[in-house]
Amino acid sequence: MTLEARKIRLVMELRQQGITDKTVLSALERIPREVFVPENFHDQAYENTALPIGHGQTISQPSVVAYMTQALELGRRMKVLEVGTGCGYQAAVLSRLCRRVYTIERHRELMREAEKRFQKMRIGNIVTRWGDGAKGWPEQAPFDRIIVTAAAEEVPQALKEQLADGGLLIAPVGRNTFDQVLIRLRRNGDEFESEELWPVRFVPLVGGTADEG
Ligand code: SAH
């Protein structure tokens with residue numbers, strides 16, 4: 001089966017699993033996932049599984065990317081913050097659905113590789129930063145939407161503070177790998193309304209940065 005045929009099969013699967021937002025489905029169709037995974041995993045790029053991307057990290061499962069993107073209820077004019085760029089796939093999907101994506105990664109090498117992919121694909125509305133995403137990006141706050149793609153025991157306070165009034169934040173929260181749930185926070189002034197979405201399994205949110213040279 002060609003990659004294109006596998007992609008169509010995956011998008012159909014996602015639709016059956018409850019991804020009803022057409023703009024999300026079409027963004028998933030337009031971003032080639034094979035570009036974001038190592039060469040030896042190309043043939044698995046359109047399987048609904050997470051895959052290794054080096055440095056002990058993973059590219060998220062397509063259904064998780066799809067559900068999180070849909071749950072963000074994006075608008076074309078929105079400014080979005082992503083914590084945990086990884087290979088850049090989620091950021092690339094978001095970039096098709098909002099005005100600008102600000103994405104932070106603590107591994108310098110992963111960040112550089114993601115930047116190269118964005119350039120190659122001529123995506124011009126993603127801004128990257130090497131740093132500790134738990135601190136957010138205060139110079140660019142507030143953000144209409146915030147998406148965290150690594151798990152912490154609770155949502156970092158700095159991120160809540162950088163969420164715009166009326167904004168949504170999505171993050172996996174849990175004490176360990178096997179006890180995580182995706183939560184969605186909606187900000188109303190100084191109040192945060194919290195909603196549990198689904199059980200998930202993400203790599204941990206780690207403090208500080210890593211520079212492998
Ligand atoms: N969004 C990615 C998934 C990345 S996996 C995708 O589209 O596939 C989670 C990423 O978060 C890893 O690359 C990890 O290095 C990064 N990470 C973990 N803790 C972080 C932190 N405090 N700040 C920034 N990035 C972090």
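Note that ligands are numbered from 1 as they come in the structure, with each ligand's atoms numbered from 1 the same way.
The one candidate from Glu196, Glu195, Glu193 that meets the salt bridge (Lys or Arg N to Asp or Glu O under 4.0 Å) condition with Arg184 is Glu195.
By the 30° and 60° cut-offs, the orientation of the rings of Phe118 relative to Phe36 is tilted. By the 30° and 60° cut-offs, the orientation of the rings of Tyr67 relative to Trp198 is tilted.
Inclusion of Cys87 in the set of residues having an N or O under 3.5 Å from an N or O of ligand 1 is not warranted. Distances between N or O atoms of Gly207 and those of ligand 1 include no value under 3.5 Å.
Distance from atom 12 (C) of ligand 1 to its nearest protein heavy atom, with residue and atom name: Gln57 OE1, 3.2 Å. Taking atom 19 (N) of ligand 1 as the reference point, the nearest protein heavy-atom neighbour is Val206 N, 2.9 Å. Scanning the protein for heavy atoms near atom 11 (O) of ligand 1, the closest one is Gly84 CA, 3.2 Å.
When non-hydrogen atoms are compared, ligand 1 lies under 4.0 Å from the side chain of Val203 (C-beta onward) but not from its backbone. In Glu82, the part holding a heavy atom less than 4.0 Å from any atom of ligand 1 is the side chain. Contacts between His107 and ligand 1, counted as non-hydrogen atom pairs separated by less than 4.0 Å, involve the side chain only.
Remark: Leu163 CG to Arg145 CZ distance equals 8.0 Å, nearest 0.5 Å.
Geometrically, Arg129 does not engage Tyr102 in a cation-pi contact, judged by NZ or CZ lying under 6.0 Å from the ring centre and within 45° of the ring axis.
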